[in-house]
Amino acid sequence: MSMNNTVAVQRWTRLSIASISLVVLFQLVLAFAPLFLSANAVDRLTTLFIYGILALMWNALAGYGGLVSIGHQAFFGLGAYGAIRLADAGMSVYPALFVAAALVAALSLPISVVMLRLRESEFAVGMWVLAALAHLLVNLDPLIQGETGTSLIALNAYAPDVRRAYTYWTALFAMVGLAWWVFWLLRGRLGTAAQSIRDNEEAAASVGVRVLSAKRTLFVLSALGCAVAGALWVATTISFQPKTYFSVQWSAFMLFMVLVGGIGTFEGPIIGAVLFFAVETAFGATGVWYMIGLGGTALVFALLIPKGIWGTIESRFGIRLLPVGYFLKSDRST
Amino acid sequence: MLLSASGIHHRFGSLVVLNKVDFSVSSGEAVGIVGPNGAGKTTLLNVLAGALRPLAGEVRFRDAAITGLDAAERCRLGIGRSHQIPRPFLGMTVFENLITAAMHGGRFLAEEGHQRCIDSLQLTGMMQVANRRADTLGLLDRKRLELARALATDPALLLLDEIGGGLTDGEAAELVGIILEIRRRGITIVWIEHIVHILVQVVGRLICMDAGQVIADGDPKTVLGDKEVIDAYLGGVAA
Ligand SMILES: Nc1ncnc2c1ncn2[C@@H]1O[C@H](COP(=O)(O)OP(=O)(O)OP(=O)(O)O)[C@@H](O)[C@H]1O
Ligand SMILES: [Mg+2]
């Protein structure tokens, strides 16, 4: 067994290099989209990017941290609220979106101390309570005018086309930035920690993984991402009504995208977001039956196809497009 | 003394599972633990590894109290363990299971950690399945993975819980060879095993537990000949 020198660890394959290159290329094309796409298409894509962010974040938390939240609309709403507050205080609108998200992320750190003490279903409910509480507190702010809401009036300073393009680029930048960041994190120490926690928390601790600190990182990351998404949402719709932003529907959307796409995989939530976007575009985003359809589909996946679309493909064909893993390559096996 | 536990007491409900147990192992030693089902062996191992906090008692490692440390911190100090019922990271490959252990428990940096994992795979004979996802492994390979993964954390003390069950004679001999090699590398071993004839080929000292207590401790031959041990261990079968 002295084939020591013929063994090497491989982290990239031809397929994954090719797919990464394609992704980068595609992102470049997207960057120029406002120059050749219709106004409506640009708006729709902006929406898709926001869904993408939400799916990525919920998956980071649930898929890797094992923390199922039905209250991340708290951060979504607070991100939007923060943007409105900062813009009202005179901050330039687009930077305000990110500053608001950063503030929400900072706030999520003390919140995580309380929430991560809770176990599974308690955590889910705890987060839901947090969202309700955040909703109530935001309503206390006179600037918001209760459920009447307010709007991000500072955006009116921009011509519609300019605003549309700016918001699009901001959303694209946020999604791409967060996706690469999560990818980079998953390829590093946090990646092995998170995947081991996903698979078996006790075993993870037994091999030295600091479970709580990894979960805290994922929690703050997900809060940051959801807050960015919320701030971007208010930038696209301009109006802010607390009821819409702190609605549990956002959790339902995230759940759907992640479960259908493939929980605990990097690629899955992106596929889920595209699919959700397609469904929404086809059926219109309204009505009770639409929500029931979404919930039903998510449930069917959870019960019958728990790995989701990408997880199933990945385990059946053994492919990884965006590799976060480690492949042991020996000259004998190739 | 590398590790010592004193006055360990634990109950599940009204069932006393560990009754003021004292246990210690010195550096370089290999200790076997036997005892009938439900004797409290795994529970003791969980207490030593930090997976379970006992109701009373103290655990010391290299002369420092570690009673308050959780499993992850103890692993980082050099206490590695395997699980009686394997707990692989199912969504990761065998090699990635080990990488995780080396990165966190072993605190290795990239290259060094990779080498340690390859080494551990070779020692346990798992090179052929290195890139298989753990959920495709059978029970025997999952048990070997427990051992390989614990080794990848670079332990000073290795706590093993029934890794020898269900083996053929040939496989058992291979396992004995592996554990002897681990011992030769200076790693202290505590090994819980029902299959006594495998155990005595490795350990220099044997402990017998029954009903939450240590009922014998010493030279394997003497312990196995002890009347109390024979009664406890074979009682269920003979009676
Ligand atoms: N988490 C738990 N909750 C309740 N009872 C438990 C728990 N874990 C173990 N027990 C009980 O404690 C007793 C000791 O269990 P333990 O697993 O330590 O025994 P053991 O000596 O390892 O047995 P075996 O040889 O079967 O592995 C048993 O009666 C078992 O049923
Ligand atoms: Mg046991």
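Sequence lines set the chain letters: A, B, ... in the order given, protein chains first and strands last, and positions in each chain run from 1.
The two atoms that bring Met103(B) and Tyr326(A) nearest to each other are CE-OH, 3.0 Å, heavy atoms only. Listed here is the closest heavy atom pair of His83(B) and Ala203(A): CE1-CA, 4.1 Å. In terms of heavy atoms, Ala205(A) sits closest to Cys75(B) at O-CB, 4.5 Å. Phe89(B) and Ala204(A) make their closest contact through CE2-N, 3.5 Å (heavy atoms, listed as atom of the first residue, atom of the second, distance).
The 12-atom threshold is exceeded at CZ of Arg189(A), counting heavy atoms of other residues, nucleotides or ligands nearer than 6.0 Å. Other residues, nucleotides and ligands contribute more than 12 heavy atoms inside 6.0 Å of the CD1 atom of Ile305(A). Within a 6.0 Å sphere centred on CZ of Phe12(B), other residues, nucleotides and ligands contribute more than 12 heavy atoms. Atom CZ of Arg11(A) has more than 12 neighbouring heavy atoms from other residues, nucleotides or ligands inside a 6.0 Å radius. Summarising the local packing, CZ of Arg119(A) is surrounded by 12 or fewer heavy atoms from other residues, nucleotides or ligands at distances under 6.0 Å. Within 6.0 Å of CH2 in Trp180(A) there are more than 12 heavy atoms belonging to other residues, nucleotides or ligands.
The candidate from Thr153(B), Val94(B), Ile99(B), Asp135(B) with the greatest count of non-hydrogen atom pairs under 4.5 Å with chain A is Ile99(B). Of the residues considered (Gly105(B), Cys117(B), Gly80(B)), Gly105(B) shows the highest number of contacts with chain A, using heavy-atom pairs under 4.5 Å. The candidate with the highest count of non-hydrogen atom pairs below 4.5 Å against chain B, out of Asn200(A), Val207(A), Thr265(A), Val209(A), is Val207(A).
If you measure heavy-atom distances from Pro88(B) to chain A, the contacts under 4.5 Å come from the backbone alone. Contacts of Val9(A) with chain B are made by side-chain atoms alone, with heavy-atom separations under 4.5 Å and no backbone atom involved. Only the side chain of Glu73(B) comes within contact range of chain A, with at least one heavy atom under 4.5 Å from a heavy atom of that chain. Contact annotation for Ala49(B): neither backbone nor side-chain heavy atoms come within less than 4.5 Å of a heavy atom of chain A.
At a threshold of 4.5 Å between non-hydrogen side-chain atoms, the residues Arg210(A) and His104(B) do not count as touching. Taking the side chain as every heavy atom from C-beta outward, Asp70(B) and Val211(A) never approach each other to under 4.5 Å. For the pair Val7(A) and His114(B), the minimum side-chain heavy-atom distance is 4.5 Å or more. Side-chain contact between Thr100(B) and Gln195(A) is absent, with no heavy-atom pair separated by less than 4.5 Å.
The main-chain N or O of Ser206(A) is never found under 3.5 Å from a side-chain atom of Arg81(B) such that the two would form a donor-acceptor pair. With Asn131(B) contributing its side chain and Phe327(A) its backbone, the two residues share no donor-acceptor pair below 3.5 Å.
Taking CG from Leu328(A) and CD from Glu96(B), the interatomic distance works out to 10.5 Å, rounded to the nearest 0.5 Å.
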